[in-house]
Amino acid sequence: MTHVLSAVAWPYANGPRHIGHVAGFGVPSDVFSRYMRMAGHEVLMVSGTDEHGTPILVTADKEGVSAKDLADKNNAVIVNDLADLGLSYDLFTRTTTGNHYGVVQEMFRTVLANGYMVEQTTQAAISPSTGRTLPDRYIEGTCPICGYGDARGDQCDNCGNQLDATDLINPRSKINGETPDFVDTQHFLLDLPSLADALKVWLDAREAEGHWRPNVIKFSQNILKEIRPRAMTRDIDWGIPVPGWEDQPTKRLYVWFDAVIGYLSASIEWARRSGDPDAWRAWWNDPEALSYYFMGKDNIVFHSQIWPAELLAYNGQGARGGEPGEYGVLNLPTEVVSSEYLTMGDQQFSTSRGHVLYVGDFLARYGPDPLRYFICAAGPETSDAAFTWAEFVTRNNSELVAGWGNLVNRTATMIAKSFGEIPAAASLEPVDEAVLAAVRGGFETVGDLLGRHRLRAAVAEAMRVVGEVNKYVTVTEPYKMKDESQRERLATVLHVAAQCVSDCNTMLSPFLPHAANKVHLVLGGEGEFMPMPRIEQVDELEPDNGAGLMSYPVITGDYAATPAWASRPVTVGAKVDKPTPVFTKLDPSVVEEELARVGG
């Protein structure tokens with residue numbers, strides 16, 4: 001048993017999340033976390049809504065509400081969507097809590113005391129029309145290195161190099177196209193060059209282990225070549241106050257400095273709510289603990305450079321030395337698990353152009369498991385992948401319905417008709433032994449792939465095993481065994497089929513937790529097979545130390561009853577009724593209907 005931290009990227013609370021978002025951070029992290037629990041590990045899965053920064057203010061202004069009201073509204077939507085998707089968070093919280101403010105400020109004070117925060121005069125981009133600071137990501141221009149015309153003020157997505165907004169040629173505001181003014185201002189910068197050697201040692205060790213996806217490790221190593229200090233404060237009045245600058249209410253900690261600290265603050269909040277305030281330390285202070293960070297590829301730099309640098313600086317492990325603060329020496333990431341982009345057809349998702357599929361809308365029409373299955377089977381694991389309605393309908397009908405759903409349905413139907421309960425087996429024939437062995441072998445092959453974050457290969461292997469069981473039913477032909485003399489053999493075949501279905505259900509449950517509970521009931525099970533998350537309204541732990549929250553919804557759950565990743569004997573005599581289909585076959589007309597929703 002190992003302590004495993006599943007650190008899931010924090011969705012930004014300026015609007016509902018679309019399916020491209022959850023393809024990057026949501027479903028991959030949940031499948032992994034559920035599998036690791038089944039494999040016997042102590043998993044802590046944490047995240048929350050990221051609620052600070054200028055984009056929140058910009059959207060709030062457009063809607064005529066306060067930043068806090070906008071964050072409250074979108075937090076509630078995101079919490080409901082992610083819970084409905086079945087993401088098994090131990091705690092999904094938010095960055096506007098008093099607990100988060102306190103943890104972030106402790107991190108800042110210690111990093112500053114250790115000498116890795118340096119105060120400098122820098123240039124800030126200001127909107128001429130509003131006087132408000134423009135964040136780096138809200139400024140676009142031509143990259144001075146590769147000439148790409150839509151580089152951002154923090155990074156060029158074409159060549160991958162880090163940039164400052166002042167580096168861009170012909171900079172412009174993404175909000176309204178105006179040319180920003182650049183003015184002198186005081187900021188605290190994270191001294192990344194003094195942490196570069198320690199970052200290189202850490203990254204080289206991760207590369208030597210061979211676990212990281214090649215694109216992630218290479219990108220992370222490449223950005224070290226151009227490492228420079230990065231500003232960790234902003235001229236803005238919405239965010240966490242800067243310790244020592246309390247007299248400057250328009251100075252706040254940079255949203256990305258505070259957001260990545262959320263992994264730690266959420267762990268601490270979970271521990272405080274669990275009744276053991278130090279419980280989080282088993283995942284953060286024990287060097288044997290493992291930590292996996294899940295996100296889309298646009299966030300790699302913050303998880304393989306900025307956050308590890310903050311941790312090294314807090315630990316006092318950079319060139320300037322230093323001592324850790326009250327949280328002790330904190331673990332660096334074991335692996336940064338980054339997915340590529342899920343596109344909508346051949347175009348990027350775009351909320352502004354209406355080219356978007358919101359999670360809530362999708363779940364309302366088709367439910368969670370068909371979406372989860374598509375993301376696992378055809379998602380952007382190591383390269384960009386396109387979501388199309390035609391492929392979604394095809395995979396739903398030919399794989400979920402005709403493959404897995406059909407096996408469950410016909411097995412249960414035959415048992416219900418012939419026995420009404422799971423029958424006992426007599427002596428097994430070679431064909432029976434072979435299929436049972438094939439299914440048992442799937443636990444090793446599928447589990448190995450899941451442990452290495454190879455979701456596409458893992459779900460394909462699980463469905464291959466399902467195909468072996470379908471072949472077994474076709475070859476043995478239990479539906480033709482109608483004579484009394486064949487009843488013992490019929491009982492044996494149906495017992496074996498039930499055992500195989502039960503084991504396949506266990507194997508598929510990290511991918512399809514909602515369906516797993518349905519299949520469990522079909523085979524006479526009682527209670528919940530795969531524990532599901534729930535939403536709770538909780539009181540603010542420190543109402544005087546944050547953004548003014550009194551209570552808020554969180555996603556949490558009790559996952560202690562998660563089944564083991566192993567075959568378990570079916571219960572002879574368990575009642576089996578005629579089943580209803582586990583999955584719904586979609587009419588091909590769905591494709592045209594959905595395309596019409598977004599104008600083709």
Tell me, do Val79 and Val554 make a side-chain contact under 4.5 Å, heavy atoms counted?
no

Should the pair Arg487 and Phe419 be classed as cation-pi, given the thresholds of under 6.0 Å to the six-membered ring centre and 45° from the axis?
yes

Is a side-chain donor-acceptor pair under 3.5 Å present for Trp307 with Tyr293?
yes

Which heavy atom in Val439 sits nearest to a heavy atom in Asp503, and how many Å separate them?
CG1-CB, 3.4 Å

Under a 3.5 Å distance rule, please check whether Tyr341 uses its side chain to pair with a backbone N or O of Gly24 as donor and acceptor.
no

Please report the C-alpha distance between Phe25 and Val337 in whole Å, then the side-chain angles of each, then the deciding distance to 0.1 Å, and finally whether the side-chain contact (heavy atoms from CB on, under 4.5 Å) criterion is met.
CA-CA 9 Å; Phe25 74 82; Val337 187; over 6 Å; no

Test item: Arg34 side-chain N/O and Phe511 main-chain N/O as donor-acceptor pair under 3.5 Å:
no

Distance (rounded to the nearest 0.5 Å) between Leu407 CG and Met463 CE:
9.5 Å

Should the pair Arg452-Asp448 be classified as a salt bridge under the 4.0 Å nitrogen-to-oxygen rule?
yes

Verify, without hydrogens or angle tests, whether Asp369 (side chain) and Ala515 (backbone) share a donor-acceptor contact under 3.5 angstrom.
yes

Give, for atom OG1 of Thr411 and atom CG of Asn470, the distance between the pair rounded to the nearest 0.5 Å.
7.5 Å

With heavy-atom distances below 4.5 Å as the criterion, would you say the side chains of Lys480 and Gln486 are in contact?
no

Any side-chain heavy-atom pair from Phe529 and Ser509 closer than 4.5 angstrom?
yes

Would you name the heavy atoms of Ala289 and Thr334 that are closest together and state the gap between them?
O-OG1, 4.2 Å

Flag, side chain of His495 to backbone of Pro423, donor-acceptor distance under 3.5 Å:
yes

Separation between CD (Glu63) and CG (Asn74), nearest 0.5 Å, reads 7.0 Å

Might you point out which heavy atoms bring Tyr35 and Gly451 nearest each other, and give the distance in Å?
CE2-N, 3.9 Å

Just by distance, do the side chain of His18 and the backbone of Gly20 share a donor-acceptor pair under 3.5 Å?
yes

With sequence neighbours left out, write down each residue that passes side-chain hydrogen bond (donor to acceptor under 3.5 Å, both in side chains) with Ser220, or none if nothing qualifies.
Ser304

Taking all non-hydrogen atoms of both residues, which atom of Met45 and which atom of Ser29 are closest, and how far apart?
CE-OG, 3.7 Å

How long is the gap from CZ on Phe374 to OG1 on Thr394, to the nearest 0.5 Å?
10.0 Å

On a heavy-atom basis, the closest approach of Leu490 and Ser418 is CD2-OG, 3.8 Å

Donor-acceptor pair, distance only, cut-off 3.5 Å: does the side chain of Arg17 make one with the backbone of Tyr12?
yes

Of all pairs that satisfy salt bridge (charged side-chain N to carboxylate O under 4.0 Å, His left out), the ones with a partner from residues 375-390, not counting sequence neighbours
Lys297-Asp384

Got more than 12 heavy atoms from elsewhere within 6.0 Å of CD, Glu526?
no

Less than 4.5 Å apart, side chain to side chain, heavy atoms only: is that true for His453 and Phe294?
yes

Between Thr492 (side chain only) and Leu428 (backbone N and O only), is there a donor and an acceptor less than 3.5 Å apart?
no

Are any side-chain N or O atoms of Ser502 and backbone N or O atoms of Ala498, one a donor and one an acceptor, separated by less than 3.5 Å?
no

Take atom CD of Glu444 as the centre, draw a 6.0 Å sphere, and report whether it contains more than 12 heavy atoms from other residues, nucleotides or ligands.
no

Criterion side chain to side chain contact (heavy atoms under 4.5 Å, CB included) against Phe583, the qualifying member of Leu512, Asn397, Asn406:
Leu512

Looking at every heavy atom in both Ile56 and Leu70, which two are closest together, and how far apart are they?
O-CD2, 3.4 Å

Ionic contact status for Asp150 with Lys174, cut-off 4.0 Å:
no

Going through the distances and angles, do Leu87 and Arg372 end up as a side-chain contact (heavy atoms from CB on, under 4.5 Å)?
CA-CA 10 Å; Leu87 305 189; Arg372 290 176 64 110; 3.9 Å; yes

Determine whether a donor-acceptor pair (N or O, by modelled atom type, separation under 3.5 Å) exists between the side chain of Asp558 and the backbone of Ala560.
yes

Quick one: does Asn396's side chain have a donor or acceptor within less than 3.5 Å of a partner on Thr584's backbone?
yes

Pairwise side-chain contact, Trp565 with Leu450, heavy-atom cut-off 4.5 Å (strictly under)
yes

Within-4.5 Å side-chain heavy-atom neighbours: Glu335 and Leu290
no

Close side-chain approach of Arg489 and Asp432, heavy atoms under 4.5 Å
yes

Strictly below 4.0 Å, N to O, side chains only: are Asp72 and Arg94 in salt-bridge contact?
yes

Judged by modelled atom types alone, do Glu461 and Thr445 share a side-chain donor-acceptor pair under 3.5 Å?
yes

Pairs flagged by salt bridge (charged side-chain N to carboxylate O under 4.0 Å, His left out) wherever residues 578-593 is involved - sequence neighbours left out
none

For residues 387-410, the salt bridge (charged side-chain N to carboxylate O under 4.0 Å, His left out) pairs (sequence neighbours left out) are Glu391-Arg395, Arg395-Glu399

Partner residues of Trp389 under the ring pair (Phe, Tyr, Trp, His ring centres under 6.0 Å) criterion, sequence neighbours left out:
Phe362, Tyr366, Phe387, Phe392

Residues Arg152 and Asp157 bridged, charged N to O under 4.0 Å
yes

Please report the interatomic distance CD1(Ile217) to CZ(Arg206), rounded to the nearest 0.5 Å.
8.5 Å

Euclidean distance, Leu523 CG relative to Lys575 NZ, rounded to 0.5 Å:
14.5 Å

Decide yes or no on side-chain contact (heavy atoms from CB on, under 4.5 Å) for Val576 and Glu421, but give the supporting numbers first.
CA-CA 5 Å; Val576 177; Glu421 62 184 35; 5.6 Å; no

Check whether any side-chain heavy atom of Ser47 sits under 4.5 Å from a side-chain heavy atom of Phe92, and report yes or no.
yes

Run the side-chain contact (heavy atoms from CB on, under 4.5 Å) check on Arg365 and Glu594 step by step: do they pass?
CA-CA 11 Å; Arg365 296 200 287 274; Glu594 290 294 348; 2.8 Å; yes

Can you sort out the partners of Glu207 under salt bridge (Lys or Arg N to Asp or Glu O under 4.0 Å), two or more places apart, ordered by chain and number?
Lys218

